[in-house]
Amino acid sequence: MAASRSSSAGQWFSPTDPLKYEGPKYTPTSRKPFGYRWYDANRKVLGRRMEDQLRFAVCWWHTLVWPGSDPFGGETFLRPWHAAGGDPMQQAMQKVDIGFELFRLLDVPYFTFHDRDVAPEGATLRESNANLHRVGERLAQKIEESGVQLLWGTANLFSNRRYMAGAATNPDPEIFAYAAAQVKTALELTHALHGQNYVLWGGREGYETLLNTDLKREWDQLGRFLHLVVEHKHAIGFKGAILIEPKPCEPTKHQYDHDVASVFAFLKAHGLEREIKVNIEQNHAILAGHSFEHEIALANALGVFGSIDMNRGDDQLGWDTDQFPNNLPQMVLAFLEIMRGGGFTTGGVNFDAKLRRQSIDPDDLITAHAGAMDLCARALLIVERIIDDGALADHVEARYAGWDSRDGKAILKGKRSLADLAAQVDRKHGEPQPVSGRQEYLENLINSYI
Ligand code: XLS
Ligand code: NI
Ligand code: NI
């Protein structure tokens, strides 16, 4: 696809009209490279329009900011807004135009951003805030014109060197204050743009070595920080959800928001479990030694499921590769847990995903997002059939049926002591009869829908 390097958004991608639902026969060919085979925004799936079930979001940082660098080499993408010597505010505005053009072409309902992705950091916080407000006004205008909305905003509390030893968990209270000031502005902007959620990824909230770290202090600092965020949310009347994004490591060796279980323990310990939920990312789950579906199921069970970052890792690489999702069976298991929990409320499917650094054409951004959206739609349609058939649910229900008996209920209601249970076993004498878990049957069953 020959895409012009022109700065005008209208010419930057080769398609000019939004991608359409092309139906079940569609495959991308050179004649018709862009389209959806499964994503049909208006189709009803499990009681809601597909667009409202999936709530897709494009992320600003990887899509419009990341230049294609890796630890061994720099920029590969050569985006026009990275041109050396350019005016950073003009470049920021150019990204707004190109970003919203991409959202229009993809027909995606949401986007997500960090404060420092959308506007350049100035010499002082005041200057940074002024930059952010100027771009914020432009974003508000674009949101108004396009109908594309903000799924969540967040603050970058990890790139600047001031945060090398953490933001809220920094040994220096002045850095804590700086981070608080940054979150105040980012939360207020998210509110002004009618964001559905505000996300806090721990960034550098962790440590490299205990030799220089007071773990208990840092843990409590983070609790205090989150209370401040929640208080401010209520003070300004922000109705969206506050979400923490768990991640076990990277950038620091030990992150305090390791996984859903440790985030929940943290929230409980600080009395925040009704105020804060989680944004779960696929590869963060894997890096923590879990499956994505486990983290979603646990968050649902604990009442803290919020949103997902639907970018995957690589089976052979132990870091956060942020690839666009394309493993259908894995995606089915994730959407199964999301839909079992009742689906999204304020959350959605954010692609916190990077192109591979050789995918240098602007059109690669369209291909990557469209393919990911289409496969999510396909996974959702498969999940609809699994749920409608009911075979899986029946199996699980039958497996736990004993707990609906008089004895089972009495145990759970606290009406049986250890002595009662010992007496019960004594009375009945015989050995309880184990039944098959039938895992292979269930795996075959799931595969039969795929
Ligand atoms: C990093 C995180 C980050 C958050 C937003 O690994 O995934 O991108 O989603 O700060
Ligand atoms: Ni990540
Ligand atoms: Ni993420």
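Counting starts at 1 for both ligands and their atoms, following the listed order. What's counted below: heavy atoms across the whole structure, side chains too, no hydrogens, waters or symmetry copies.
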### Message
When you measure from the Ni ion (ligand 3) to the N, O or S atoms of Glu245, does any of those distances fall below 2.8 Å?
### Response
yes

### Message
Looking only at N, O or S atoms, which one in Asp352 sits nearest to the Ni ion (ligand 3)?
### Response
OD2

## Note on the structure
The N/O/S atom of Asp309 lying closest to the Ni ion (ligand 3) is OD2

### Message
Contact between ligand 1 and His62 is defined here as a heavy atom of the residue under 4.0 Å from a ligand atom; is it met?
### Response
no

### CG/Asn212: more than 12 non-hydrogen atoms of other groups inside 6.0 Å
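Enclosed.
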
### Query
Around atom CD of Gln358, are there more than 12 heavy atoms of other residues, nucleotides or ligands at under 6.0 Å?
no

### Task
Provide the number and element of each atom of ligand 1 under 4.0 Å from a heavy atom of Lys247.
1 (C), 6 (O)

### Task
Identify, by atom number and element, the atoms of ligand 1 in contact range of Asp352, meaning under 4.0 Å from any of its heavy atoms.
2 (C), 3 (C), 4 (C), 7 (O), 8 (O), 9 (O)

We want to know whether [X] and [Y] form a side-chain donor-acceptor pair, criterion being a heavy-atom distance below 3.5 angstrom.
| X | Y | result |
| --- | --- | --- |
| His234 | Glu275 | yes |
| Asn283 | Arg312 | no |
| Gln90 | Gln94 | no |
| Asn131 | Ser128 | no |

### Query
With respect to the Ni ion (ligand 2), what is the nearest N, O or S atom of Glu281?
OE2

### Message
For N/O/S atoms only: which one belongs to Asp320 and is nearest the Ni ion (ligand 2)?
### Response
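Atom name returned: OD2.
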
Can you check whether [X] has an N/O within less than 3.5 Å of an N/O in ligand 1?
| X | result |
| --- | --- |
| Trp201 | no |
| Asn279 | no |
| Thr154 | no |

### Query
Should the ring pair Tyr36 and Tyr39 be called parallel, tilted or perpendicular, given that the plane angle runs from 0 to 90° and is split at 30 and 60?
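Because their plane-to-plane angle is over 60°, the rings of Tyr36 and Tyr39 count as perpendicular.
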
### Query
Can you tell me the protein heavy atom closest to atom 9 (O) of ligand 1 and the distance?
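For atom 9 (O) of ligand 1, the nearest protein heavy atom comes out as Glu245 OE1, 2.6 Å.
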
#### Entry: Residues Lys247 and Glu281 bridged, charged N to O under 4.0 Å
no

### Query
Which bit of His114 gets closer than 4.0 Å to ligand 1, counting heavy atoms only: side chain, backbone, both or neither?
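Answer for His114: side chain.
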
### Message
Heavy-atom pairs closer than 4.0 Å: do any link ligand 1 to the side chain of Asp309, the backbone, both, or neither?
### Response
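Side chain only.
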
### Query
Does the separation of the ring centres of His82 and Phe77 fall below 6.0 angstrom?
no

